[in-house]
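Notes follow the structure.
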Amino acid sequence: MKQAVYWFRNDLRLSDNAALAHACQQADQITLVYCLPPEENTQWGFARLGQHRKSFLADTLIDLAAQCVQRGNRLLIVEGVPTMVLPSILQNLKANTVYCEAIAAPYEMAQVEELRTQGYCIETIWQSSLLDPSTLPFHPQDLPLIFTTFRQQIEQSGTVPPAPLDLIKHLPAAPSTAQALHSVDLSEWAGTPSVDERSAFPYHHPQWHGGATAALAHLQRYFASGLADQYKHTRNGLIGCDYSSKFSPWLASGALSARQIYQQLIAHEAINGANESTYWIWFELLWRDYFRLLHLRFGSQLYHAKGLNDAATISHQADYFFKWCQGETGQPFIDAGIRELAATGYLSNRMRQNVASFLIHDLQCDWRAGAAWFESQLIDYDVYSNQGNWLYLAGLGTDPRPNRRFNIEKQIKNYDPNHDYLQLWSH
Ligand SMILES: Cc1cc2nc3c(=O)[nH]c(=O)nc-3n(C[C@H](O)[C@H](O)[C@H](O)COP(=O)(O)OP(=O)(O)OC[C@H]3O[C@@H](n4cnc5c(N)ncnc54)[C@H](O)[C@@H]3O)c2cc1C
């Protein structure tokens, strides 16, 4: 009997999951494991995983666990650092092989290396991007430094995403030794979510819950609603559930894959016709890929204070940063955005840009502190998109424009002319 552990990392789904499909082909018995992140603080002094993220993650895992049971296995949820927890599970099971998705961010890569150093066989498969890196018209090390050039090369070469893999209908059973292992009770772990009714992603309502079930229902609903046909004109909105696709929390937790979205997008265009809005959904998904590919090219350099610009000077004002986190900067538009984030775990792209620009360029704070705050707060926290966007706004990425400071008065005039947003989040 060949037995193995499948380690769920970011992609918490059973469909379009290449690493899991591979594990199911290779092993006769599989133990499915998820390691809940331990309670820890970032270097900036606050919890790495805020309450909204915990609650959304708990919903996602509950949905995944139910699907595993339906397919003849169970999800073992354990608490702790994977490099410590997985070895003890592997020893218990007398197994040596772990399958998982590849994640090209420094912390996640170090986890895999550490497990390999301990003597375990860790097989990783890359799967979180829309495009397959091996089909790009350039080597990932030659990724164009400007997004527009990247996009044009993809489009001109006719590179298209692979079709998503089918849902895994049957999972190999777990070995009997795995049945005895204790799984964490998520209701205790997550706490009670308290989400503001003003939320643009009200995840306490069943149709916005974490997990693949709600994600796939949302995907259908979104394209059936016609919202995709207006996306380009509404995407800079600030209020409500409909201005943008709201795919991100499900994408970030891996309940949904970018290829599943693309498949629906193409099907929608085939029936209803393509327009600039449906094109723009592809465009934005390419941005998501770009930040992933940037990690394949530059790796841990993206995490240095100076990013890719050694000549930059970085300052930080801890008291200003603290006020920004509290939504007490004195700039009402910025404070409204920070308040929305704290109350809901979600923020529009437009407001993310504004609050990030204000922290970096007006308050002269270290962009990595802001990125860490978003990591703690956002239910759609995605290591690649978060790091990439912060770096980009700090002017320390590949983009040649050094200053990406947003003029707040102009932003209010363009995007909140009647002060609806300001009033909505005034308290
Ligand atoms: C400072 C900052 C930090 C960010 N942190 C994250 C993060 O942690 N996780 C995250 O998913 N997105 C992040 N974004 C990108 C973007 O704000 C969100 O993806 C978007 O607001 C999610 O809402 P939506 O799904 O309705 O997006 P839509 O506008 O409907 O876009 C559809 C999809 O395209 C992708 N996308 C759109 N804009 C971007 C972008 N700028 N960069 C990368 N992908 C994009 C997302 O996957 C999104 O779900 C950040 C942006 C900024 C400015």
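Every number for a ligand or one of its atoms is a count from 1 in the order of the listing.
- Taking the six-membered ring where the residue is Trp, the centroids of Tyr320 and Phe322 are separated by 6.0 Å or more.
- Within the set Thr234, Asn349, Ile360, the minimum heavy-atom distance to atom 21 (O) of ligand 1 is found for Asn349.
- Of all the atoms in ligand 1, the ones that sit under 4.0 Å from a non-hydrogen atom of Phe374 are 1 (C), 2 (C), 3 (C).
- Of the N or O atoms in Tyr381, none lie within a sub-3.5 Å distance of an N or O in ligand 1.
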Got a list of side-chain donor-acceptor pairs under 3.5 Å for residues 390-398, not counting sequence neighbours?
| from | atom 1 | to | atom 2 | distance (Å) |
| --- | --- | --- | --- | --- |
| Trp390 | NE1 | Asn386 | OD1 | 3.4 |
| Tyr392 | OH | Arg404 | NH2 | 3.0 |
| Thr398 | OG1 | Leu145 | O | 2.8 |

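- Using bins of under 30°, 30° to 60° and over 60° for the plane-to-plane angle, the ring pair Phe374/Trp324 lands in the parallel bin.
- Residue Ser348 has no N or O atom closer than 3.5 Å to an N or O atom of ligand 1.
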Distance-only criterion, 3.5 Å: show the donor-acceptor pairs between side-chain atoms of residues 100-112 and protein atoms not counting sequence neighbours.
| from | atom 1 | to | atom 2 | distance (Å) |
| --- | --- | --- | --- | --- |
| Glu101 | OE2 | Asn10 | N | 2.8 |
| Glu101 | OE2 | Asp11 | N | 2.6 |
| Gln111 | OE1 | Arg9 | NH2 | 3.1 |

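- Looking at ligand 1, you'll find an N or O of Asn389 within less than 3.5 Å of one of its N or O atoms.
- Residue contacts with ligand 1 include Tyr231, since one of its heavy atoms falls under 4.0 Å from the ligand.
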List the steps and the verdict of side-chain contact (heavy atoms from CB on, under 4.5 Å) for Thr344 and Trp425.
CA-CA 11 Å; Thr344 69; Trp425 292 103; 3.7 Å; yes

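- Here atom 34 (O) of ligand 1 lies nearest to Glu284 when heavy atoms of Glu284, Arg292, Lys246 are compared.
- Within the 4.0 Å heavy-atom criterion, the part of Leu378 lying near ligand 1 is the side chain and not the backbone.
- Contact annotation: Leu251 has at least one heavy atom less than 4.0 Å from an atom of ligand 1.
- Shortest contact from atom 22 (C) of ligand 1 to any protein heavy atom: Ser248 OG, 3.1 Å.
- Using cut-offs of 30° and 60° on the angle between ring planes, the pair Phe247 and His218 is perpendicular.
- For the residue pair Asn354 / Gln411, a side-chain donor-acceptor distance below 3.5 Å is found, with atom types taken as modelled.
- Atom 10 (C) of ligand 1 has as its closest protein heavy atom Asp380 O, 3.5 Å.
- Polar contact check, Gln353 against ligand 1: no nitrogen or oxygen pair lies under 3.5 Å apart.
- Between the side chains of Asp289 and Ser129, no donor-acceptor pair is found at a separation under 3.5 Å.
- Nearest to atom 12 (N) of ligand 1 by heavy atom, out of Cys241, Ser385, Ala394, is Ser385.
- Taking the six-membered ring wherever Trp is involved, the centroid distance between the rings of Phe283 and Trp280 falls below 6.0 Å.
- Among protein heavy atoms, the minimum distance from atom 4 (C) of ligand 1 is reached at Asn386 OD1, 3.8 Å.
- For Phe291, no nitrogen or oxygen atom sits less than 3.5 Å from a nitrogen or oxygen atom of ligand 1, counting backbone and side chain alike.
- Heavy-atom proximity to Trp390, at under 4.0 Å, picks out these atoms of ligand 1: 1 (C), 3 (C).
- At least one N/O-N/O distance between Ser244 and ligand 1 falls below 3.5 Å.
- A side-chain N or O of Glu276 and one of His233 form a donor-acceptor pair less than 3.5 Å apart.
- Residue contacts with ligand 1 include Tyr346, since one or more of its heavy atoms lies under 4.0 Å from the ligand.
- When only non-hydrogen protein atoms are considered, atom 8 (O) of ligand 1 lies nearest to Asp382 N, 3.0 Å.
- A perpendicular orientation is assigned to the rings of Trp208 and Phe201, their planes being inclined by more than 60° (bins at 30° and 60°).
- Looking at Trp367 and Gln387, their side chains never bring a donor and an acceptor atom within 3.5 Å of each other.
- Counting protein heavy atoms only, atom 32 (C) of ligand 1 is closest to Ser245 OG, 3.6 Å.
- Looking at Tyr222 against ligand 1, nothing comes within 4.0 Å, counting heavy atoms.
- Residues His295 and Tyr303 bring their aromatic ring centres within 6.0 Å.
- Given atom 33 (C) of ligand 1, the protein heavy atom at minimum distance is Leu285 CD2, 4.0 Å.
- A cation-pi arrangement is found for Arg352 relative to Tyr346, the charged atom lying closer than 6.0 Å to the ring centre and inside a 45° cone about the ring normal.
- Protein heavy atom closest to atom 6 (C) of ligand 1, with residue, atom name and distance, is Arg352 NH1, 3.4 Å.
- Using a 4.0 angstrom heavy-atom cutoff, Arg235 does not count as in contact with ligand 1.
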